[in-house]
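Structure, as structure tokens:
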Amino acid sequence: MELIITEKDNAARRIADILSGGTYDSSRENGVNVYEWGGKRCVGLSGHVVGVDFPSEYSDWRDVEPVELIDASVEKTATKENIVATLRLLSRRAQRVTIATDYDREGELIGKEAYDIVRNVDEDVPIRRVRFSSITENEVQSAFDEPDELDFDLAAAGEARQIIDLIWGAALTRFLSLSAGQLGNDFISVGRVQSPTLKLIVDREREIEAFDPEDYWELFANLQKDETSFEAQYFYRDEDDNEAERVWDEATADEVYETLADRDAATVVDVNRRTRTDSPPTPFNTTQFIRAASAIGYSAKRAMSIAEDLYTAGYMTYPRTDNTVYPDDLDPEELLGEFVDHPTLGDSAESLLEADEIVPTEGDEETTDHPPIHPTGEIPSRGDISDDEWEIYELVVRRFYATVADAAVWEHLKVVAEVDDYRLKSNGKRLVEAGYHDVYPYFSTTENYVPDVDEGEELALSDVELEAKETQPPRRYGQSRLIETMEDLGIGTKSTRHDILEKLYDRGYVESDPPRPTRLAMAVVEAAEDYADRIVSEEMTAQLEADMDAIASGEATLDDVTDDSREMLEDIFANLGDSRDEIGDHLRKSLKDDKRLGPCPECGEDLLVRRSRHGSYFIGCDGYPDCENTLPLPSTGKPLILEEECEDHGLNEVKMLAGRQTFVHGCPLCKAEDAGEGPVLGECPDCGDEHGGELAVKTLQSGSRLVGCTRYPDCEYSLPLPRRGDIEVTDEHCEEHELPEIVVHSGDEPWELGCPICNYQEFQARESETGSDLEALEGVGAKTVEKLADAGIEDLDDLTEADPDAIASDVEGVSADRIRSWQAKA
DNA sequence: GCAAGGTC
């Protein structure tokens, strides 16, 4: 029996399909899929199934000096025990083992991990390695026809990275955490990738804080030919003979303004017309995909999570790739053909197929790991996936369209007109050939109309305006810009960059979007800059990459590289020794700064955002236990302290971050003072008859509102009200419940909530209509739930127990892969 | 309870 090992289940199944010609059987072993046919078995790992760590005697942070970790041994332990067990079991029965992990450095290391597990069971079984860059019939067949050996040097390069990352990360993380007394969940982390990324954000914030705005002026005017007028802007030649629009001196600006405003015509002195080719974009790699998704409103994390689902379901290729060159065996015409006749994606495909020749664009990066992200040709039905998933799917399809579409052509028209020595310019642009924009509507194609004019022509001049402006500080990095910058600097990988950003949020280093650093983040970066500059610089990765190349080519060994690295860290700890308290004090102070709202009205100490033992947030006084003053916070979301201060109390306002339900809570002290009963609406349906209770609009101390009985707590009848907006009680009454109708004013459109009882009943009805817990799964809509129910799958339990292939054949439009992905999530 | 890298 031959055992074939891949990096992931998906790859295992596709390879089994190719090599068996579709005749494989699948079974499960310890919860791991095994594909079997004609004397062969294929099993997929789940990336790394073993990980590096220190021996257990090093695990108590307080018992071990961080510096001791530098020379501690590093062990490998199984992290996916069921997979390791399955691998052991299958290798016992194997006469030959073939490692078919991804074709990149990390894939080689993952292959080496599998190799070690197999070797442990059987010292003699032949183990070989196959390499292919995409799982297609041709590539896989020829890889298996010409098997190779595992590259132990390349795997060792990856191992060196693991060891160095662990030692540096763990030793410095523990040092900072211990110095500030931050143990448990709130430890203070540093690492080779997260810290340089954090420094990018912190450096930008420093620029913003240090920014000193400068005044300047810009001048605009209208030019007119016949009936058409168009805007022109004043410009001059600066000392480098470049065109400049900003005037830095007010007297000059006034002088230009006076002259222009005084005149009613300008003479055309230059007309420049040129056409520009606007080439179609290159295929999606992970970073460019995240960037495009972010332009249509998806966070990096959300975009990747949706892409992962679409990949698992078989609708698009692997979402983690650096490659921007389609492989030779991608046939664009065939793939376009799959979309012909599709109700919304078909027209574009058909128009593209009309071209004489189809040549896809290529990016600069051609790698061996995976193809660029593109649709597979299996098309989801619109009702099978959520709106968000469809939007991302369509983006991927249309990007593929764009890469095989024609270039667009723009016509630019620049007109320069003169008034005395002053010049005005106007830039027009017109899209002459839409080209790829027709199939890829995500880029702006805004035109700017400037009429045809001739040199020497007189144009009417009017509406001269002088605008006083000031220079703006640089903008914060957005998430996708950060990921691009990380890629440019060579830090992190396609699979980890977005996770690293999430990590910065989790650690309390950044808040909000675009990410803004906390005082803690500033202090961590400062401490690292002072004592361990290497960990916050991208140089560490650059050096590591060079060292890994040396190991891979046999010029250095794993021990050479890790020993050097250990020595460097020893030096850092030697310098760090005496400064522990100083660093700790600074970190602690910054942590407090991040939680401070302002002075306590009762004792003058600081009011801080705190967390109760149950995990809920509240505001407490730093003077506790002497001062027991507290204020409540709403129960949904994570508090973010805003820069705005309340005029009455001098406290910072608070915003509650809760994804789409994020809202500004305001000053917690004002909220507490506003607490109490508002207008009475009518009789309480529960106790009105018997005890005379009445319903009133109430505001709780936490700021949330409801309609409740005036006899609370004797009567607990209550109805929900929205968190945001001003509540207006109208004169209209509900006939059934005799309560006034309510209108909520927030944003542009007032919301007519109506009678609070009717509103609540409608809400409950909606809840029960779509009551199946299957809907909790991402990408499962009401329609799919219905279809599944017809096939006898009514809830999550039914789903997990069912056979994916059987459901797939029963339920139209649901693939076995998607069911497997749901099962995994359930 | 440390990192970063795979993958789910």
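Model, not experiment: these values are computed from the prediction. Protein chains get the first letters and strands the later ones, always in sequence-line order, with residue 1 at the start of each.
Between D116(A) and R119(A) no salt bridge is recorded (no basic side-chain N to carboxylate O distance below 4.0 Å). Salt bridge absent: R519(A) and E526(A) never bring a charged side-chain N and a carboxylate O closer than 4.0 Å. With salt bridges taken as basic N to acidic carboxylate O contacts below 4.0 Å, one links K8(A) and D102(A). Ion pairing between a basic and an acidic side chain is recognised when a charged N comes within 4.0 Å of a carboxylate O; K494(A) and D104(A) show such pairing.
Rounded to an integer number of Å, the gap from CG of D369(A) to P of dG6(B) is 9 Å. Straight-line distance from the NE2 atom of H48(A) to the C1' atom of dA3(B): 12 Å, rounded to whole Å. In this structure, I188(A) atom CD1 and dA3(B) atom P are separated by 12 Å, rounded to whole Å. Rounded to a whole Å, the NE2 atom of H498(A) is 12 Å from the C1' atom of dG5(B). With rounding to whole Å, D9(A) atom CG is found 7 Å from dC8(B) atom P. For the pair E113(A) CD and dG5(B) P, the computed distance is 14 Å after rounding to whole Å. The nearest whole Å value for the distance from the CD atom in E7(A) to the P atom in dT7(B) is 5 Å. In this structure, CZ of R566(A) is placed 14 Å from C1' of dA3(B), rounded to the nearest angstrom.
Not a single donor-acceptor pair, N or O on each side, falls under 3.5 Å between the base of dC2(B) and the side chain of S189(A). Counting atom types as modelled, D53(A) pairs a side-chain N or O with a base atom of dC2(B) as donor and acceptor under 3.5 Å.
Distances from the side chain of S495(A) to the nucleotides dC8(B), dT7(B), dA3(B) place dT7(B) closest. Out of dA4(B), dG1(B), dT7(B), the shortest distance to the side chain of R192(A) is found at dA4(B). For R320(A), the side-chain atoms get nearest to dT7(B) when compared with the rest of dC2(B), dA4(B), dT7(B). Among dA4(B), dT7(B), dG1(B), the nucleotide with an atom closest to any side-chain atom of Y318(A) is dT7(B). Of the candidate nucleotides dC8(B), dG1(B), dT7(B), dC8(B) has the atom nearest to the side chain of E308(A). For T496(A), taking side-chain heavy atoms from C-beta onward, the closest of the listed nucleotides dT7(B), dC2(B), dG5(B) is dG5(B). Considering only side-chain atoms of T493(A), the nucleotide from dG5(B), dA4(B), dC2(B) that sits closest is dG5(B). The side chain of Q194(A) approaches dA4(B) more closely than any other nucleotide in the set dA4(B), dG5(B), dC8(B).
Among the protein residues, R174(A) comes within range of the nucleic acid bases, having at least one heavy atom under 4.0 Å from a base atom. Residue contacts for V49(A): at a heavy-atom cut-off of 4.0 Å it reaches no nucleic acid atom on any strand shown. Within the nucleic acid shown, S59(A) comes within 4.0 Å of at least one base atom, counting heavy atoms only. If you check every strand for non-hydrogen atoms under 4.0 Å, R105(A) touches nothing. Across all strands, G51(A) comes closer than 4.0 Å to no nucleic acid atom at all (heavy-atom distances).
Closest-nucleotide positions on DNA chain B for L183(A) and S195(A) were compared, and the one nearer the 5' end corresponds to L183(A). The residue among R497(A) and I83(A) whose nearest nucleotide of DNA chain B is located toward the 5' end is R497(A).
Checking the phosphate oxygens (OP1, OP2) of dC8(B), no side-chain nitrogen or oxygen of K80(A) falls inside 4.0 Å.
In this structure, K301(A) is not positioned above the aromatic face of Y505(A) in the sense of NZ or CZ being under 6.0 Å from the six-membered ring centre and within 45° of the axis.
The two residues T286(A) and T321(A) come nearest to each other via the heavy atoms OG1-N, 2.8 Å.
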